[in-house]
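Values in this document were obtained by computation on a predicted structure and should not be read as measured data.
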Amino acid sequence: SHIFLAVDEASGQQVVLKARFTLDPSTNPGSVNYLNLEGPLAKKPQMGIFERRGDLLRICMSPPKKPRPFDFSSTSGDGRTLTTWRLEQA
């Protein structure tokens, strides 16, 4: 497992998300499981899917206690989060 810290780019300091996660790229799409380490969802496991295309990473997560999403979508009230990240070289 890995620990993920998402930092607000504008401030460079605020931690937006701190979670322990595991990835399984052998599924299609790839699966991700994570456990929030801080905040209102702390210690509540969540399941999701991910896809990387070039320097873009898409992640769709279900809310705690809900099944893993089967597609990259989120509609008002479904509790899912759909994010796209651009990977940068350090």
message: Rounded at 0.5 Å granularity, tell me how far CE in M47 sits from CG in N33.
response: 7.0 Å
field: I59 to L57 - nearest heavy-atom pair and separation
entry: CD1-CD2, 3.9 Å
query: Can you name the residues that form a side chain to side chain donor-acceptor pair (under 3.5 Å) with T81, not counting sequence neighbours?
result: none
- request: Under the side chain to side chain contact (heavy atoms under 4.5 Å, CB included) rule, collect the residues that match up with I49, sequence neighbours excluded.
  value: P29, C60, R68, P69, F72
query: Heavy-atom distance under 4.5 Å between the side chains of K44 and L35, does that happen here?
result: no
- line: Hits for side chain to side chain contact (heavy atoms under 4.5 Å, CB included) against R53, two or more places apart or cross-chain, chain-then-number order -> E51
- request: Examine distances only and state if a side-chain atom of R80 and a backbone atom of S73 form a donor-acceptor pair shorter than 3.5 Å.
  value: yes
query: Can you check whether S62's main-chain N or O pairs, donor with acceptor, with Q46's side chain at less than 3.5 Å?
result: yes
message: Using only atom types and a distance under 3.5 Å, with no angle test, would you say the side chain of N36 pairs donor to acceptor with the backbone of E38?
response: no
query: With side chains defined as the heavy atoms from C-beta onward, is the minimum distance between L82 and M61 less than 4.5 Å?
result: no
statement: What one should report as the nearest heavy-atom pair of R58 and T84 is CG-OG1, 3.7 Å
- prompt: Does S31 offer a backbone N or O that forms a donor-acceptor pair with the side chain of T27 under 3.5 Å?
  reply: yes
query: Applying the 4.5 Å side-chain criterion to the ILVMFWY set and letting contacts propagate, would F50 and L56 be lumped into a single cluster?
result: no
